[in-house]
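What follows is a set of notes on a single structure, which appears directly below.
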Amino acid sequence: MSRATCYWLMKVEPAAYTIDQLERDRTTTWEGVRNYKARNYLRDEIKVGDGVLFYASNADPSGVVGIAQVVRDGYPDPYQFKRGHKYHDPKSTESDPRWYAVDIRLVEKFMRVVSLAELKATRALKNMMVTQRGARLSIQPVTKSEFDAVRQMGHPRATQ
DNA sequence: GCCAACGTTGGC
DNA sequence: GCCAACGTTGGC
């Protein structure tokens, strides 16, 4: 039996990847995460079926732009072994990989950006990690109620 | 193991 | 572009 669905927020800068690209790709590998806390989530906690808030950081405005779903559990990030690649890590070995990735699939692109300012102004989201000062972690756990609230904010017409 | 220096993130 | 926050590195 699998555990209950968990929810996550994953950040990416538009210069690196966008939800429009995910729309075209349908599925993508969430690779290049080089932070140990985020790595632990990828390796140990993020599972197939989990919900993902796709967050565009360093954007105008920054915010959640859609929903994705995990379609492959954590596995060693292939780029850590690619010499010359910007994600190459010479200290990582195939037998003891340091970095992990998951695969995600687009579920829906929001009709509008749910901006960080809006998230911060929403009382129900006052404890959400991304609204806290200095929350730089690129993968963050999200509660179901936070996930549902943000999803509704992205689809104002659909919930009328 | 401490901690200063340095690098990165990311909002503004 | 600035800079606060935070993570990592490396000398000791």
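Keep in mind that the numbers below use all heavy atoms, side chains included, and drop hydrogens, waters and symmetry copies.
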Check for me whether A/K144 meets the cation-pi criterion with A/F147, that is, NZ or CZ under 6.0 Å from the six-membered ring centre and within 45 degrees of the ring axis.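 Because its charged atom misses either the 6.0 Å distance or the 45° angle limit, A/K144 does not stack over A/F147.
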Nearest-Å distance, [atom1] ([X]) to [atom2] ([N])?
| X | N | atom1 | atom2 | answer |
| --- | --- | --- | --- | --- |
| A/Q140 | B/dG11 | CD | P | 10 Å |
| A/L119 | B/dG11 | CG | P | 11 Å |
| A/Y55 | B/dG10 | OH | C1' | 8 Å |

Evaluate salt bridge (charged side-chain N to carboxylate O under 4.0 Å, His left out) for A/R112 paired with A/E118, printing each intermediate quantity in order. CA-CA 12 Å; A/R112 63 194 193 84; A/E118 227 177 312; 2.8 Å; yes
Going 5' to 3' through nucleotides 3-9 of chain B and flagging B where a protein heavy-atom sits under 4.0 Å of the base, S where only the sugar-phosphate is that close, and - otherwise, we get -----BB
Between A/T29 and A/D103, a side-chain donor and acceptor under 3.5 Å: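 A/T29 vs A/D103: donor-acceptor pair found between side chains.
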Atom CG in A/L119, atom CE in A/M129: separation rounded to 0.5 Å?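 Taking CG in A/L119 and CE in A/M129, the distance rounds to 14.0 Å.
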Over 60° means perpendicular and under 30° means parallel, so classify the ring planes of A/Y17 and A/F54, tilted if in between.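 The arrangement is tilted - the two ring planes meet at 30° to 60°.
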Under the side-chain hydrogen bond (donor to acceptor under 3.5 Å, both in side chains) test, which residues partner A/T122, sequence neighbours left out?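 Testing A/T122 for side-chain hydrogen bond (donor to acceptor under 3.5 Å, both in side chains), a comparison that skips the adjacent residues, returns none.
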Where each residue is assigned the nucleotide of DNA chain C containing its nearest heavy atom, which of A/K91 and A/A135 is assigned the position nearer the 5′ end?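 Its nucleotide being nearer the 5' end, the pick is A/A135.
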